[in-house]
Amino acid sequence: AAERQKFSVCWSIYVGWMPWGFGAEQDIVKKWADKYGIQIDVVQINDYIESINQYTAGKYDGCSMTNMDALTIPAAGNVDSTALIVGDFSNGNDGVVLKNQKDLKAIKGQKVNLVELSVSHYLLARALDSVGLAEKDIQVVNTSDADLVAAFNTKDVTAVVTWNPLLSEILAMPNTNSVFDSAKIPGEIIDLMVVNTKTLQENPKFGKALVGAWYEMMGLMSANSEAGRAARTAMGKASGTDLAGYDAQLASTKMFYLPAEAVAFTNSAQLKTTMQYVAEFSFNHGLLGEGAADATFIGVETPSGIYGNSKNVQLRFDPTFMQLAADGKL
Amino acid sequence: MKKLINRVPGRTARWILGVLPFVLCLVLYLAASNARLAENENDKLLPSFSSFAGAIERMAFTPDKRSGNYLLWQDTASSLWRLSLGLGLSALLALVIGILNGAIPYMRAPLSPFITAISLIPPMAILPILFIVFGLGELAKVMLIVIGIAPFLIRDVQQRALEIPAEQLIKAQTLGANTWQIIVRVLFPQIMPRLLASVRLSLGAAWLFLIAAEAIAATEGLGYRIFLVRRYLAMDVILPYVVWITLLAFLLDYVLRKISRMCYPWFHAQIQTAEN
Amino acid sequence: MKKLINRVPGRTARWILGVLPFVLCLVLYLAASNARLAENENDKLLPSFSSFAGAIERMAFTPDKRSGNYLLWQDTASSLWRLSLGLGLSALLALVIGILNGAIPYMRAPLSPFITAISLIPPMAILPILFIVFGLGELAKVMLIVIGIAPFLIRDVQQRALEIPAEQLIKAQTLGANTWQIIVRVLFPQIMPRLLASVRLSLGAAWLFLIAAEAIAATEGLGYRIFLVRRYLAMDVILPYVVWITLLAFLLDYVLRKISRMCYPWFHAQIQTAEN
Amino acid sequence: MALIEIRNLWKEYGQQVVLEQLNKTVGEGEFITIVGASGCGKTTFLKMLLGTESVSRGQLLLDGKPLPGEPGPERGIVFQRYSVFPHLSVLGNVMLSLELEKSPLLGRLFGGARKTAEKLAKEMIDAVGLGQAMHKYPHELSGGMQQRLALAQSLIKRPRILLLDEPFGALDPGIRADMHQLVLSLWQEHKLTVFMITHDIKEGFYLGTRLWVFDKCRFDPQAPNAYGAQITYDLPVGQTDGHLLKKSPPRAAEKVPPPLPDKYRRNLWNQVFTNIPCPARVIGLCVCGVGFV
Amino acid sequence: MALIEIRNLWKEYGQQVVLEQLNKTVGEGEFITIVGASGCGKTTFLKMLLGTESVSRGQLLLDGKPLPGEPGPERGIVFQRYSVFPHLSVLGNVMLSLELEKSPLLGRLFGGARKTAEKLAKEMIDAVGLGQAMHKYPHELSGGMQQRLALAQSLIKRPRILLLDEPFGALDPGIRADMHQLVLSLWQEHKLTVFMITHDIKEGFYLGTRLWVFDKCRFDPQAPNAYGAQITYDLPVGQTDGHLLKKSPPRAAEKVPPPLPDKYRRNLWNQVFTNIPCPARVIGLCVCGVGFV
Ligand SMILES: Nc1ncnc2c1ncn2[C@@H]1O[C@H](COP(=O)(O)OP(=O)(O)OP(=O)(O)O)[C@@H](O)[C@H]1O
Ligand SMILES: Nc1ncnc2c1ncn2[C@@H]1O[C@H](COP(=O)(O)OP(=O)(O)OP(=O)(O)O)[C@@H](O)[C@H]1O
Ligand SMILES: [Mg+2]
Ligand SMILES: [Mg+2]
């Protein structure tokens, strides 16, 4: 197909994705797009799931999402997708919280409020694993993320699994204990910029512009300078909090500020294992679609090899563009 | 040739015409779905009819692996239960407060502006406060429906009560009725069919609030299922669920209309109702 | 002693009574808030009035550092713009389709059941499809309002058009009117005040859909702001926003009522409207 | 003592004076028929007696005390229209007042009490000729049938004061005569006091013991609303039927009405004399000839 | 040629026969007044002429062709009630038909054309005595004023056929006489054909060139709905006013009505003779004495 000039990506409000809004506002994305002679629209969608749905339906060429959602929504929907940028992984940003109890084992028999089938659910499954419990030992209550904090105030709610900033809001309340968090499974909940593989292959410029812009923003926000603080203040503000609040969220997020870090993470064999866990969890919860006979139904390509069906690869971790950035070739 | 306004389709023609737009919609859907599936055979947004069949088979006629329940029926039962509780409670509130407001100026003066204000508050924006008051259980879901539609119903009933000709109230007084008797013998029976009509009009809103409530915190229900499977864009489940919800609402609408016609023939003879 | 039904409060009494429940609510809030704050001085759920003052100061009277805009006013402007577009479009649709449906049996036969069905579909459940069709821009937000309230308005207008006595339509024909003239000279002017009344009744729903739309895709607007700060349980911002929304809706309601009374005095004289 | 006293009564709607300077006394058991030009305030006057319109100036006394400012069971009414309850059958409409009286809480009767009430109601329904339509709803009745139903509904309570606003306008002469008989017999039997507005002058003469003519004596073409109507004639009538006169109560002495100012525009009586052929004139001559011919 | 032919016409509502076997011919320019017991089907008959009720059996011909099954401008109507548009002022109500005629698209006139229409309308409004209320809305008018407005509204178009359903019931005698004059003069001037239902027999005699009496000749107490009403009498009237007779068109020869069966229940004429004193009887005797006294 012919090369395209116009692209659009969407993102939603989350600590690791705030740079997209900042970059769009400060024309950093535009600068890089201009450099490659293309045009990129960066669109904020407040509803996270809706943004992935729109991407999956073909409305956008790229979208920010987690590794698990990338597998269960676009990839399971046969929209061949590439993780163009591995931005960060959750390192304490997601957690299991109990009211009045300090031990994870006490969760047995409780109702657990969380966003079902999300990374929280995955985290819970991993947490239960770690203490020899299974999902049947508890009862999951699907609760919308926006209402979790308020819901925690009611008597009915004794256990929740959620992410930041909701997590820190809940932990700020009296008698709450974080009994498990993503720092205990580092590198398993990964935040990505996912783009359509076909579009990327036909338009490498699109990938280059996005990656170039991203690492310029990374450089800006990580700097311990006035400009860096200003950038983080803006991002904090846009996510509804202030600099301190945003910094606190960053503290539990392992940002890959340098492209080399991201490339190293992507290249590690650990990623393949992580995707196996994720695929197994997803299959057990029916997220891989009706056609899936087992967890390996969908192939996930990583630099260290393909997990699952190599004839049905729908999700690819491709460090090529990040490598270009690391090499300063953009 | 009669004027357009005087030409009335016969029974059969009305049926055919009534079905037509639905058929058109179906054809439109099929075309759009085929076009998308031709591009990506696994497209999830507009699935083919065979996917629907598969999803329906799975949801309605295969026991769930984990719980052993038939999900669709379980969801339907809990949603309908919540809906009818919410609707019933709202209608009751509307009947009592609406009629009192309509009949008694000293009730109307304080309550009418307050209820207008309440009807204008978007309930979704004050969910946290609702949680404190009603918790997060079944009560909360029913109450969200009530808070969503009762103010509208109350205002409507009040308006309808005020529209009853003053002559009737005067007449009743000359026949010896006191305020209470006017309420039970003149206002109440005349408001009932109008209330049913308003309830029918607010069915859409009631479903909306039910689904919103089930999206907030639930473990079953039609709205719960829709929001759950939305996580992986399972339109093959969502669309049959939406059609099912619409069908249920349609049936409810139909039943309410029939009840109204059966119980209040005088009302339907008065207004020229070619309601369909 | 007059019967309760005949006792009418005077102007002042009506005012005082009207304000009473609001004052009661305020007092109740203060008590609850104090109780919670006494337990946990950092409680965010029911903030004190001084927190409100701070939040209002911040949102309404301090320019945003980033953009230099006053957030509250900016949010208000975009939300009101979307709301009026959505309401206006819905009213227009209701006017055209509702009157045609009411007047022409051959329109009503196919459209009435279809619109009933549409009015029963919960728009929130088919959001993905709506967004694909209308995109995620301003259009989508306006359309969500339209899809949310237009079917209701259309059904109401149709019903009202059918309630116009058949004698009037006959009379118009004996005066030489054809179908079109009956529509513009008999139905349209008589439907207008009734449409205004329905629009007033659907204001609450319109805000609801606006807020829902803004929570899904927007970068400013009252609903967006509430969505944004909701995850921090910033009730000190949310509650003033809710009050502000309610106030705006109240004002809109008031303006619509005044317009109706000014333009259609004959209508308000007919029905005994002690509407407050 | 006089049942109703009207002392210098005025009624205004904003700028428009509808009624001015009414002064009358009405005794128990009188049957007053009221005629007057369309829009001159007859219905308004009846509404004041009913207690639903306030008095602008002056006094309206019942048994020497100010008339209660709200409708009550001692004053029955038949309106020009909207007079029956659409949600009740003919029987239900007529039974209503009996049910209200006996059952303060539910307003409904059951079992034996209901049987009794039904029997009473059925008699009254037969009396107004609606026996065939006992279980029909008002929307299934013709205009005249509805009006008769309204009458039955009001008469069953035998109110002390009965207010009728053109009750027989929609009836054909045959049924109208039946209704006349019914009203007259109940009036005599229960000593009701009746105020009846009519446009049929014959009816006015025939039924009443006293005929009031409402009309504007003063008229300013520049300001048509500046002056209201008064009771220009108060005629002792009913002499055509000897038996009525016999039983009617003694009438308060009234002044002879002033001679007719012949310039005012819509002179009711002028019209009658000019346009209606012999009959009315004949009655007019014989009955009130003394007055003003 | 006959304007309207009624051939063996029946009207039934479900089981209930309302009208049966009507056979009549009406020529252009006749003025037919209709009387009959309440609920006997007069309004139904008018509705069939109007085209809003269907014919159950038989034929109803206009100019030899089946009557159009919908209302049209050649047939004007004044209903018993609900006859004016609540959203238009008096002037707007009367002007409406002129506007509809001249402005097919908007149904509104502007500028000069409007002035002309207004002038015409004002004349008509003055003729019905509503000059003072030109800009009032119907809800500000008394019942009688509304009825006059409805009349003005219908008359301004001079329809070929004018259908009046108790148009003067709510009017006082003075204004009623004015209205009589108005209708008669328009009738003569424009050769209208008029059907008028009335409960006032005098009016029937005075206004019409022909008086129809609707009544049930057959009555089965077991099945009160089994038989419908017929036109039992068709009387040439109007002789009281020589000038009317002179100008009225030649009347189709009609059979002498059959002698009155004296057993049927609500015999209209019996009632008239028994209850109404001299006047009607006088007219009855002199006018239709030949027929059946
Ligand atoms: N609520 C009102 N507000 C203003 N004016 C009114 C009101 N009610 C009646 N009027 C005016 O008062 C006058 C008297 O009205 P009313 O109904 O008493 O007349 P009426 O004698 O009963 O006439 P009719 O014989 O036609 O029924 C009329 O001019 C009318 O326009
Ligand atoms: N839509 C209808 N459905 C069933 N029956 C009807 C309907 N309309 C009229 N009727 C019946 O037809 C008969 C004739 O009614 P219609 O209104 O023609 O009487 P009318 O002669 O005009 O009486 P009135 O003098 O009281 O106005 C009545 O018995 C009435 O109950
Ligand atoms: Mg009156
Ligand atoms: Mg009739």
Side-chain angles (χ1 to χ4, degrees), chain C residues 95-96 98-100 102-108 157 160-198 257 259-275, chain E residues 43 46-47 49-53 68-90 92-109 136-141 149-150 152-163 165:
Chain C
L95 205 58
V96 174
I99 291 186
L100 285 182
I104 303 176
Y106 266 97
M107 288 280 291
R108 185 162 65 235
V157 166
R160 295 303 191 140
L162 286 171
E163 280 174 19
I164 287 180
E167 280 87 347
Q168 287 190 22
L169 307 185
I170 294 168
K171 181 82 184 210
Q173 294 180 57
T174 66
L175 298 179
N178 56 33
T179 301
W180 169 248
Q181 287 176 322
I182 289 177
I183 288 173
V184 294
R185 292 294 324 258
V186 180
L187 293 176
F188 172 76
Q190 294 200 61
I191 286 300
M192 272 308 287
R194 296 177 166 96
L195 176 67
L196 281 179
S198 313
R257 197 170 79 215
I259 290 180
S260 183
R261 281 185 178 272
M262 221 173 57
C263 299
Y264 310 101
W266 53 269
F267 178 73
H268 294 274
Q270 269 185 322
I271 64 166
Q272 168 210 17
T273 35
E275 315 148 316
Chain E
T43 300
L46 226 58
K47 283 183 182 164
L49 282 178
L50 186 60
T52 60
E53 279 292 351
E70 60 175 354
E74 78 284 357
R75 282 161 291 157
I77 180 121
V78 174
F79 284 112
Q80 274 177 288
R81 56 183 189 134
Y82 275 137
S83 230
V84 290
F85 296 105
H87 63 294
L88 296 176
S89 68
V90 167
N93 260 294
V94 178
M95 253 179 28
L96 183 61
S97 62
L98 304 176
E99 293 192 286
L100 292 173
E101 190 183 336
K102 301 265 168 60
S103 162
L105 211 63
L106 285 179
R108 279 181 196 280
L109 294 177
K136 285 195 170 175
Y137 282 97
H139 70 87
E140 298 171 290
L141 305 178
L149 175 56
Q153 193 178 43
S154 294
L155 287 177
I156 198 164
K157 280 282 284 193
R158 268 115 224 186
R160 245 180 110 197
I161 300 171
L162 185 62
L163 307 170
D165 197 349

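Numbered from 1 within each chain, the chains take letters A, B, ... in sequence-line order. Note that the coordinates shown come from a computational prediction; the quantities given were computed from them, not determined experimentally. Any value given below was found using the heavy atoms of this structure, including those in side chains, with hydrogens, waters and symmetry copies removed.
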> Do E:V90 and E:L141 have side-chain heavy atoms sitting under 4.5 Å apart?
Replying inline: yes
Counting only heavy atoms closer than 4.5 Å, note whether [X] contacts chain C via side chain, backbone, both or neither.
| X | value |
| --- | --- |
| E:Q153 | both |
| E:L88 | side chain |
| E:S103 | backbone |

>> I need the residue from E:P159, E:G76, E:G72 with the largest number of non-hydrogen atom pairs under 4.5 Å to chain C.
In response: E:G72
> Parallel, tilted or perpendicular: which describes the rings of E:H139 and E:Y137, with under 30° parallel and over 60° perpendicular?
Replying inline: parallel
> Is C:E163 salt-bridged to C:R194, going by a charged N under 4.0 Å from an acidic O?
Replying inline: no
>> Pair E:M95, E:I156 - check side chain to side chain contact (heavy atoms under 4.5 Å, CB included), show working.
In response: CA-CA 8 Å; E:M95 253 179 28; E:I156 198 164; over 6 Å; no
